[in-house]
Amino acid sequence: MESIQALKNQDHSSSRLLKDKLVLIGVVVLSLVTISPIILIISKLVMEGYRQISLDFLIQNTPDTFEAMTAVANGEKIPGGIANGIVGTLVMVVLAAVIAIPVGVLTGIFLYENQGKLMANLTRNISDILQGVPSIVLGLISYLWVVKHITSGYSALAGSVSLAIMMLPMIVRSTEETLKMIPQTLKEAALALGVPYHKVILRVLVPTGFSGLLTGILLGISRILGETAPLLLTALGSSRINLDITGPTSAIPLLIWEFYNDPNMIDLIWSSSLLLMAIVLILNIVSKQITAKRN
């Protein structure tokens, strides 16, 4: 009887090990299937885009169609670069951050300090709804607000307003969730020492949760970097570097769209996409590192 029971236990153990191996193989296969599109996209961009990457690509303006057509016909590298798009993207992202960060952080603090109240719940729901609004709708709103009534034309300011609206929900929610993770006793200790309420917020809670706030800001910036639709209705584009925020300006996503409509600029599409992907990837890696250090 003992030998029979031992054989049954051995069979049960072998069956369990087999099931564990099958589950492990299934998880590995499904994980590879999940990441394979990312790997294929990155490899395709690298193989097609590295040819145009150079110093001139970063410091020169976009070439015209004739220059590109001549270079393609002669089998040469397309002259020029996307400096106007890089500068335009930088200007609009900085303006959007200047608008969205203070508003988003203060709104997040308000939600944290007024949990359960009607106005806080309404603000939180509106923020969640805003996060799901299509970007083209936000571009249309910025067009009606800024392009039609403030700058009386397409401008970097209008583009930055639409991008700032896109950033707001992520900054608001990340600020609120970060502050919720801070021990309540820290705030109570500061108040018990007689520290004014506004200083408790600005000098205790915000510095303590700074890494979480920065993570939300970086993720918000990485989200707006690749947006094209709202900029088509607001910034329009420019063939030269334009630092005047009240005038039309270009951006890397806008240039990719323009290159797509010109068969002679195909190589610049891959290079511009590779550069944009690299910037977004770096921002996401930095945010992940900050989050890891915080935890």
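Counting heavy atoms from C-beta on, the side chains of Met167 and Arg223 never come closer than 4.5 Å. Thr185 is listed as a side-chain neighbour of Glu188, based on a closest heavy-atom distance under 4.5 Å.
Side-chain N or O atoms of Ser273 include one that pairs as donor or acceptor with a backbone N or O of Ile269 at under 3.5 Å. A donor-acceptor contact shorter than 3.5 Å links the side chain of Ser271 to the backbone of Gly49. The main-chain N or O of Val33 is found under 3.5 Å from a side-chain atom of Ser36 such that the two form a donor-acceptor pair. Side chain of Gln52 to main chain of Ile78: a donor-acceptor pair is present (N/O by atom type, distance under 3.5 Å, no hydrogens or angles). Distance alone, capped at 3.5 Å, is enough to place a donor-acceptor pair between the Glu67 side chain and the Asp64 backbone. Under the 3.5 Å distance criterion, the side-chain polar atoms of Gln60 are left unmatched by any main-chain donor or acceptor of Phe57. A distance-only check finds no donor-acceptor pair linking the side chain of Ser142 to the backbone of Gly139 [under 3.5 Å].
Under the rule for a side-chain contact (heavy atoms from CB on, under 4.5 Å), the partners of Met265 that lie at least two apart in sequence or sit in another chain are Pro63, Ala68, Phe259, Asp262, Leu268.
Transitive grouping of hydrophobic side chains (ILVMFWY, heavy atoms separated by less than 4.5 Å) keeps Ile35 and Ile285 in distinct clusters. Note on Leu193 and Val206: same hydrophobic cluster, where clusters join Ile, Leu, Val, Met, Phe, Trp and Tyr whose side-chain heavy atoms are under 4.5 Å apart, directly or indirectly. Two different hydrophobic clusters hold Leu213 and Leu106 under the rule that ILVMFWY side chains link at heavy-atom gaps under 4.5 Å.
Note: Leu111 CG to Glu176 CD = 4.5 Å, rounded to the nearest 0.5 Å. Distance check, rounded to the nearest 0.5 Å: CG of Leu186 to CG of Leu191 gives 10.0 Å. Here the CD1-CG distance, from Ile126 to Leu168, works out to 12.0 Å after rounding to the nearest 0.5 Å. Atom CG of residue Leu118 and atom OG1 of residue Thr123 lie 9.0 Å apart, to the nearest 0.5 angstrom. Taking CD1 of Ile182 as the start and CG of Leu205 as the end, the distance is 5.0 Å to the nearest 0.5 Å. Atoms NZ and CG, from Lys288 and Leu218 in turn, are 12.0 Å apart once rounded to the nearest 0.5 Å.
Checked options Leu232, Leu163, Ile136; the residue passing with Glu227 is Leu163 (criterion: side-chain contact (heavy atoms from CB on, under 4.5 Å)).
Heavy-atom neighbours of Leu18 CG from other residues, nucleotides or ligands within 6.0 Å: above the threshold of 12.
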With a 3.5 Å cut-off and sequence neighbours excluded, list the donor-acceptor pairs that the side chains of residues 81-98 form with protein atoms.
| from | atom 1 | to | atom 2 | distance (Å) |
| --- | --- | --- | --- | --- |
| Asn84 | ND2 | Ser238 | O | 2.9 |
| Thr89 | OG1 | Gly85 | O | 2.9 |
| Thr89 | OG1 | Ile252 | N | 2.9 |

